[in-house]
Asks: 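Below are the structure tokens for one structure; questions will follow.
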Amino acid sequence: MKKLRYLLITCCLPGFLYAQVQQPDSLALKKTTENTLKIKSLIVPAIFIGYGVVSLGNNAIRDLDKTTKNELQEDHPLFAAHVDDYSQFAPALAVYALNLAGIKGKHSLADATGIYVLSSAIMGGTVSILKSSSHRLRPNGNGYNSFPSGHTANAFAAATFLNQEYKDVSPWYGYAGYTVATATGVLRMYNNKHWFSDVVAGAGIGILSTKVAYYLYPRLKKMVLGKEMKVNYSMAPLYQDKAIGLSFHGTF
């Protein structure tokens, strides 16, 4: 069990370490000349995805999947928690909660939403294609759609979104987001829904999807609109006639 703990700490905290080594790289829409994908920022997710791809063969990495699964099931055979169904969205929801609290991120809420939607589309499409083509059996035997972990990919895409928006305010927002994402991946293994390599690959796909979205969004926006268009977008809580809601105000 001690060996497994070290394995989870060193290999299943990719996002936390990824956030720590990031250099501030401005991708603000108003600075289009800086909207570039830095090779260094792609190395970590590429390694994670590569790790997962290698595990699709019969090798030591695949053996590690099986021993990890056996050890988790031996120690926690009746473990069942569905927190991971919700925690995968928590980092993204934090972006909106922080905006509501008056703590502004790198982009307006409208642009941030556009980036997150694009990231989710890239991530979802990639995961769907890989699940279908890899045809890997889940560790619990319930379906041939194990690789990669969609929950983990979604969680790390959301965590990277939170980190990108708020790392210039405080790096701790990113650390918190990646911690939640890592916990989501660990729960997928404890629930016997995914192999270790599924989770590692999912983390890489999630990080990479959001990085690509930040690179593509300003270009797609400019292509569609023909020019840069700034959207001022504000949102505030509203209470009227015993009803709670949100008040929106936007200018183009």
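Computed from a predicted model, the values in this text were never measured in an experiment. Numbers for residues simply follow the sequence, beginning at 1. Just so you know, these numbers use all the heavy atoms, side chains as well, and skip hydrogens, waters and symmetry mates.
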Asks: If you look at every heavy atom in S87 and V180, which pair is closest and at what distance?
Replies: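 The pair with the smallest heavy-atom distance is O-CG1, 3.5 Å.
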Asks: How long is the span from the NE2 atom in H76 to the CD atom in E71, to the nearest 0.5 Å?
Replies: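 Taking NE2 in H76 and CD in E71, the distance rounds to 9.5 Å.
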Asks: Got K167 and K106 here, is their nearest side-chain heavy-atom distance under 4.5 Å?
Replies: yes
Asks: Where do S146 and P139 come nearest, in terms of heavy atoms and distance?
Replies: OG-CD, 3.9 Å
Asks: Sequence neighbours left out, what passes ring pair (Phe, Tyr, Trp, His ring centres under 6.0 Å) with F79? Give chain and number order.
Replies: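 Per chain and number, F79 pairs via ring pair (Phe, Tyr, Trp, His ring centres under 6.0 Å) with Y190.
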Asks: Hey, could you give me the CG/CG distance between N142 and N192, rounded to the nearest 0.5 Å?
Replies: 10.0 Å
Asks: Do any N or O atoms from the side chain of N154 and from the backbone of G150 form a donor-acceptor pair under 3.5 angstrom?
Replies: no
Asks: Looking at CZ of F156 and CG of L208, how far apart are the two atoms once the value is rounded to the nearest 0.5 Å?
Replies: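 One finds 13.5 Å between CZ of F156 and CG of L208.
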Asks: Taking side chain to side chain donor-acceptor pair (under 3.5 Å) as the definition, give me every residue that meets it alongside T113, ordered by chain and number, with sequence neighbours left out.
Replies: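 For T113, the residues satisfying side chain to side chain donor-acceptor pair (under 3.5 Å) (neighbours in sequence not counted) are Y96.
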Asks: Taking only residues two or more places apart in sequence or in another chain, which ones pass side chain to side chain contact (heavy atoms under 4.5 Å, CB included) with I43?
Replies: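 Testing I43 for side chain to side chain contact (heavy atoms under 4.5 Å, CB included), a comparison that skips the adjacent residues, returns I47.
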Asks: How long is the span from the OG atom in S134 to the CG atom in L56, to the nearest 0.5 Å?
Replies: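 Going from OG on S134 over to CG on L56, the span is 6.0 Å.
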Asks: Looking at P91 and G177, what are the two nearest heavy atoms and their distance?
Replies: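 Heavy atoms of P91 and G177 come nearest at CG-O, 3.8 Å.
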Asks: Can you tell me if E165 uses its side chain to pair, donor with acceptor, with the backbone of H107 under 3.5 Å?
Replies: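 Answer holds: yes.
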Asks: So do the side chains of D65 and R136 get within less than 4.5 Å of each other, counting heavy atoms only?
Replies: yes
Asks: Apply side-chain contact (heavy atoms from CB on, under 4.5 Å) to residues L130 and I205 and explain how you reach the verdict.
Replies: CA-CA 11 Å; L130 289 175; I205 291 169; 3.6 Å; yes
Asks: Between the side chain of S132 and the main-chain N/O of I129, is any donor-acceptor distance below 3.5 Å?
Replies: no
Asks: Under the ring pair (Phe, Tyr, Trp, His ring centres under 6.0 Å) rule, collect the residues that match up with Y173, sequence neighbours excluded.
Replies: Y166
Asks: Side chain to side chain contact (heavy atoms under 4.5 Å, CB included) with L216: which residues, sequence neighbours excluded?
Replies: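 Counting only residues at least two positions away or on another chain, L216 forms a side chain to side chain contact (heavy atoms under 4.5 Å, CB included) with L118, I122, V212, L220.
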Asks: Contact between L64 and T67 at the side-chain level, heavy atoms closer than 4.5 Å - yes or no?
Replies: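 SC-SC contact between L64 and T67 confirmed.
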Asks: What pair of heavy atoms forms the shortest contact from A80 to N191, and how long is it?
Replies: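 Taking A80 first and N191 second, the nearest heavy atoms are CA-OD1, 3.5 Å.
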Asks: Please, which pairs that meet salt bridge (charged side-chain N to carboxylate O under 4.0 Å, His left out) have at least one residue in residues 139-161, sequence neighbours excluded?
Replies: none
Asks: What pairs of residues pass the ring-ring contact (aromatic ring centres under 6.0 Å, His included) test when at least one of them lies in residues 112-139, not counting sequence neighbours?
Replies: Y116-F161, H135-Y144
Asks: Test your reading of the model: is there a side-chain donor-acceptor pair from W195 to the backbone of L137, 3.5 Å cut-off?
Replies: yes
Asks: Sequence neighbours left out, what passes side chain to side chain donor-acceptor pair (under 3.5 Å) with D85? Give chain and number order.
Replies: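 By the side chain to side chain donor-acceptor pair (under 3.5 Å) rule, D85 matches H151.
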Asks: Measure from the side-chain N and O atoms of T152 to the backbone N and O of G202, and report whether any donor-acceptor pair falls under 3.5 Å.
Replies: no
Asks: Are R62 and K66 packed together at the side-chain level, in the sense that at least one heavy-atom pair is separated by less than 4.5 angstrom?
Replies: yes
Asks: Does one hydrophobic cluster hold both V117 and I207, with members joined at side-chain heavy-atom distances below 4.5 Å?
Replies: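 Each belongs to a different hydrophobic cluster.
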Asks: Apply side-chain contact (heavy atoms from CB on, under 4.5 Å) to residues K211 and Q164 and explain how you reach the verdict.
Replies: CA-CA 9 Å; K211 279 291 184 180; Q164 287 293 120; 3.0 Å; yes
Asks: Which atoms form the tightest heavy-atom contact between Y178 and A159, and what is the distance?
Replies: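 Heavy-atom minimum between the residues: CD2-CB, 3.5 Å.
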Asks: For the residue pair K221 and D111, establish whether any side-chain heavy-atom pair is separated by less than 4.5 Å.
Replies: yes
Asks: Going from NE2 on H82 to NZ on K193, what distance comes out if it is rounded to the nearest 0.5 angstrom?
Replies: 6.5 Å
Asks: List the residues meeting salt bridge (charged side-chain N to carboxylate O under 4.0 Å, His left out) with D84, not counting sequence neighbours, and say none if there are none.
Replies: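 Checked D84 against salt bridge (charged side-chain N to carboxylate O under 4.0 Å, His left out); matches are R188.
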Asks: Check S197 against F147 and note the closest heavy-atom contact, atom names and distance.
Replies: O-CE1, 4.1 Å
Asks: In Å and rounded to the nearest 0.5 Å, what is the CD to CG distance from Q88 to L187?
Replies: 11.5 Å
Asks: For N145, which residues count as a side chain to side chain contact (heavy atoms under 4.5 Å, CB included) partner, sequence neighbours excluded?
Replies: K131, R138
Asks: Please list all pairs meeting side chain to side chain donor-acceptor pair (under 3.5 Å) that have one or both residues in residues 119-128, counting only residues at least two apart or in different chains.
Replies: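 Applying side chain to side chain donor-acceptor pair (under 3.5 Å) to every pair that reaches into residues 119-128, excluding sequence neighbours, yields S119-T210.
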Asks: Once side chain to side chain contact (heavy atoms under 4.5 Å, CB included) is applied, do any residues pair with I61, and if so which ones, sequence neighbours excluded?
Replies: Y51, V54, S55, N59
